Enquirer: 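Could you have a look at this structure, given as structure tokens, before my questions?
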Amino acid sequence: MLALGVADRQSGQALCDRIDGTLSMPYLLAEGPVRVTASVGLALADHDATVTGLLADADLAMYEAKAARGGEPVRSVAQRHRNANQRRRLADDLAAGLQRGEVVAYLQPVVEIDSGATVGLEALARWHHPALGVLSPIAFLDLAEDAGLDLLLGDVVAHSACSSVTSLPPHILLGLNLSVGQLSDRGLCDRLGHIVAAHGLSPERLVIEITEHATIARRAGGGRVSPEHTLDELRSMGATLCLDDFGTGYSSLTHIRRFPLATVKIDRSFVNGVCDHAEDRAVVAAVVGMSSTLGLAVVAEGVETEQQLRTLRDLGCHLAQGHLFSAALAPTAVEPWMAAHGENWRAGTAVSTS
Ligand code: C2E
Ligand code: CA
Ligand code: CA
């Protein structure tokens, strides 16, 4: 959560106490009272804080709190001015972790709403940090970029993702998120082509996920090319393009026309409000309408409830992704999940279908 008006560390700690206090109240279930415990990470913004930097700090602080806990909820405060040594140490850890295979791709199913069948899997990076546990990409993507490890990270994730889908039916697509650095990297297509080929996959199975921001941000320097160039090359290889987080950036039609997209993903924030907020429903309806006119597929991401799924289907959305179906699956869980739920995510679940 973002809290405004938190003047200093003490006020931040007080807020953490209130959150702890509320979350640790017992819930009364039929089986008896249950308590949940929380690990709270706190990051304080200063005048030059960025949204991504602040989120990364809060996330890391939460992981530190989680790693330090001994039964009781604990909290950790991330200093925005996390000393340079600490950051350097984490970057060294990441470099070593990438070599040691600690960074892997978890895969989240993309489901066709009407049939319930899985049509694709999106690769989401996870770092199995030896001390901090499983870290989400928000906690280390910026670090990777600052340390010049983003291209290696991208390759490692692609390798890991490809190796998890080799035994799956060929119609199952594989979504890869590309960073700003990857999009400007002259060697990306060659390397990606090799990685895909090494796993015996056809490049047509790749869905390249890009955000508007990533297509606008430029990287200067030798060996750099424009995002347009990279995306053209990827398309020539046979990959398709998906515009991620649609609705959160400029969401400009010019932009959509500039890139030969096949799919847009409606951001989770709109899906979250699609049942209760007319504005969010209107945005989803507009994106679905526009996409159908332009011949683009639409994926709604972050679907968590049956009600959201029904509303999205009624609005004409055909594809969805989210915890309702499955969170991102660890590599060893992909095949078993696909065997049990790949043809219909409801198979074997007790979820009502009305
Ligand atoms: P994204 O591409 O928008 O990915 C969706 C994020 O939403 C993922 O977070 C996913 O775990 C989460 N999510 C999916 N379904 C639900 C749901 O039903 N409820 C909720 N609350 N969350 C859901 P994650 O894995 O933490 O990834 C965050 C972002 O990091 C991604 O956002 C993507 O932009 C970036 N990312 C992840 N992996 C990579 C990677 O390998 N390379 C690059 N460049 N970026 C990556
Ligand atoms: Ca994505
Ligand atoms: Ca997204």
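Small disclaimer: the values here were computed from a predicted structure and weren't measured. Order of listing sets the numbers, starting from 1, for every ligand and every atom in it.
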Enquirer: Side chain, backbone, both or neither: which part of D244 has a heavy atom under 4.0 Å from ligand 1?
Expert: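 Side chain only.
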
Enquirer: Of the protein's non-hydrogen atoms, which lies at the shortest distance from atom 37 (C) of ligand 1, and what is that distance?
Expert: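 Here the nearest protein heavy atom works out to P137 CG, 3.5 Å.
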
Enquirer: Identify the protein heavy atom lying closest to atom 35 (C) of ligand 1, giving its residue, its atom name and the separation to 0.1 Å.
Expert: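 Answer for atom 35 (C) of ligand 1: L141 CD1, 3.6 Å.
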
Enquirer: Show me which atoms of ligand 1 lie under 4.0 Å from any heavy atom of E304.
Expert: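 Selected atoms, number and element: 17 (C), 18 (O), 19 (N), 20 (C), 21 (N).
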
Enquirer: Please state whether G302 comes within less than 4.0 angstrom of ligand 1, counting heavy atoms only.
Expert: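 Distance cut 4.0 Å: G302 passes for ligand 1.
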
Enquirer: Please work out, at 4.0 Å between heavy atoms, whether the side chain, the backbone, both, or neither of S179 comes within that distance of ligand 1.
Expert: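 Both backbone and side chain.
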
Enquirer: Among all protein heavy atoms, pick out the one at the shortest distance from atom 23 (C) of ligand 1; state its residue, atom name and that distance to 0.1 Å.
Expert: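 The answer is H323 NE2, 3.5 Å.
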
Enquirer: Does any part of the side chain of L178, heavy atoms only, come nearer than 4.5 Å to the side chain of L234, both counted from C-beta?
Expert: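 Counting from C-beta outward, L234 and L178 do come under 4.5 Å.
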
Enquirer: Students should be able to answer this: which protein heavy-atom is nearest to atom 38 (N) of ligand 1, and at what distance?
Expert: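 That would be A125 N, 3.0 Å.
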
Enquirer: Which pair of heavy atoms, one from S164 and one from V334, lies closest together, and at what distance?
Expert: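 Reported closest heavy-atom pair: O-CG1, 4.0 Å.
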
Enquirer: Decide, yes or no, whether a salt bridge links K265 with D244 under the criterion of side-chain N to carboxylate O below 4.0 Å.
Expert: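 Result for this pair is no, no salt bridge flagged.
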
Enquirer: Is L173 reachable from W337 through a run of hydrophobic residues whose side-chain heavy atoms are each under 4.5 Å from the next?
Expert: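 No; L173 is not reachable from W337 via cluster members.
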
Enquirer: Short check: is a protein heavy atom less than 4.0 Å from atom 43 (C) of ligand 1?
Expert: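 Yes, at least one protein heavy atom sits under 4.0 Å from atom 43 (C) of ligand 1.
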
Enquirer: Between E145, E301, R126, flag the one that comes closest to atom 11 (O) of ligand 1 by a heavy atom.
Expert: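 Residue with the shortest heavy-atom distance to the ligand atom: R126.
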
Enquirer: Run the contact test for E122 against ligand 1 with a 4.0 Å cut-off on heavy atoms, strictly below, and give the result.
Expert: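 Yes, that is the case, since the closest heavy atom of the residue is under 4.0 Å from the ligand.
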
Enquirer: How about R235: does its CZ atom have over 12 heavy atoms from other parts shown lying under 6.0 Å from it?
Expert: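 Check fails, neighbour count at 12 or below.
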
Enquirer: What protein N/O/S atoms are there under 3.0 Å from the Ca ion (ligand 3), waters excluded?
Expert: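 Near the Ca ion (ligand 3), the protein supplies D244 OD1, D245 OD1, E301 OE1, E301 OE2.
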
Enquirer: Heavy-atom distance to atom 34 (O) of ligand 1: which of L153, L135, N177, N272 wins?
Expert: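 Comparing heavy atoms across L153, L135, N177, N272, the nearest one to atom 34 (O) of ligand 1 lies in N177.
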
Enquirer: Can you name the atoms of ligand 1, numbered from 1 with element, that are less than 4.0 Å from a heavy atom of G322?
Expert: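 In order of number, 15 (N), 18 (O).
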
Enquirer: Which ligand 1 atoms are under 4.0 Å away from a heavy-atom of V157?
Expert: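 Counting atoms of ligand 1 from 1, those under 4.0 Å from V157 are 41 (O).
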
Enquirer: So which heavy atom on A239 is nearest to which on I208, and how close?
Expert: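 Result for this residue pair: CB-CG1, 4.0 Å.
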
Enquirer: Out of curiosity, E228 CD to F259 CZ, how far, rounded to the nearest 0.5 Å?
Expert: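 Taking CD in E228 and CZ in F259, the distance rounds to 4.5 Å.
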
Enquirer: How close does the nearest protein non-hydrogen atom get to atom 10 (C) of ligand 1, and which residue and atom is it?
Expert: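 Sorting protein heavy atoms by distance from atom 10 (C) of ligand 1 puts L124 CD1, 3.7 Å first.
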
Enquirer: Which of the numbered atoms in ligand 1 are below 4.0 angstrom from a heavy atom of S136?
Expert: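 Listed by number with element, the hits are 26 (O).
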
Enquirer: At a 4.0 Å threshold, what atoms of ligand 1 neighbour a non-hydrogen atom of L178?
Expert: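 What qualifies from ligand 1 is 44 (N).
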
Enquirer: Could you list which atoms of ligand 1 come closer than 4.0 Å to a heavy atom of D245?
Expert: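 Answer for ligand 1: 3 (O).
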
Enquirer: Among all protein heavy atoms, pick out the one at the shortest distance from atom 29 (C) of ligand 1; state its residue, atom name and that distance to 0.1 Å.
Expert: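 Answer, as residue, atom name and distance: I138 CD1, 4.1 Å.
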
Enquirer: Do the side chains of Y106 and L206 join up, straight or via other hydrophobic residues, at under 4.5 Å, putting them in one cluster?
Expert: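 No; tracing contacts between hydrophobic side chains, which count when under 4.5 Å, never links both residues.
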
Enquirer: Would you say atom 4 (O) of ligand 1 has a protein heavy atom nearer than 4.0 Å?
Expert: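 Yes, at least one protein heavy atom sits under 4.0 Å from atom 4 (O) of ligand 1.
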
Enquirer: Under 4.0 Å from any heavy atom of Q108, which atoms of ligand 1 are there?
Expert: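 Answer, ordered by atom number: 14 (C), 15 (N).
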
Enquirer: Checking one value in my table: which N/O/S atom of E122 lies closest to the Ca ion (ligand 2)?
Expert: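 Closest to the Ca ion (ligand 2) among those atoms: OE2.
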
Enquirer: Can you tell me the protein heavy atom closest to atom 6 (C) of ligand 1 and the distance?
Expert: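 The closest one turns out to be R268 NH2, 4.5 Å.
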
Enquirer: Could you tell me the separation between the CG atom of L261 and the CG atom of L296, rounded to the nearest 0.5 Å?
Expert: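 That separation rounds to 6.0 Å.
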
Enquirer: Please name the pair of heavy atoms, one in E102 and one in P130, separated by the smallest distance, quoted to 0.1 Å.
Expert: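 Nearest heavy atoms, E102 then P130: OE1-CD, 3.4 Å.
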
Enquirer: If every non-hydrogen atom of Q182 is compared with every non-hydrogen atom of N177, which pair is closest and at what distance?
Expert: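 Result for this residue pair: OE1-O, 3.7 Å.
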
Enquirer: Before accepting this row, confirm whether a basic side-chain N of the pair D185/R191 lies closer than 4.0 Å to the acidic partner's carboxylate O.
Expert: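 Judged by the 4.0 Å cut-off on N to carboxylate O distance, D185 and R191 do form a salt bridge.
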
Enquirer: Can you tell me how far apart CG (L176) and CD1 (I210) are? Round to the nearest 0.5 Å.
Expert: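 Going from CG on L176 over to CD1 on I210, the span is 12.5 Å.
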
Enquirer: Using a cut-off of 6.0 Å, state whether more than 12 heavy atoms not belonging to E343 lie near its atom CD.
Expert: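 No, CD of E343 has 12 or fewer neighbouring heavy atoms, counting only those of other groups under 6.0 Å.
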
Enquirer: Can a salt bridge be assigned to the pair R346 and E306 using a cut-off of 4.0 Å between side-chain N and carboxylate O?
Expert: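 Yes, charged N to carboxylate O under 4.0 Å.
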
Enquirer: Looking at E304, I want to see if its CD is surrounded by more than 12 non-hydrogen atoms of other residues, nucleotides or ligands under 6.0 Å.
Expert: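 Atom CD in E304 is crowded, with more than 12 foreign heavy atoms closer than 6.0 Å.
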
Enquirer: Would you kindly confirm whether L141 and L94 end up in one hydrophobic cluster when ILVMFWY residues are joined by side chain heavy atoms under 4.5 Å apart?
Expert: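 Yes; L94 is reachable from L141 via cluster members.
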
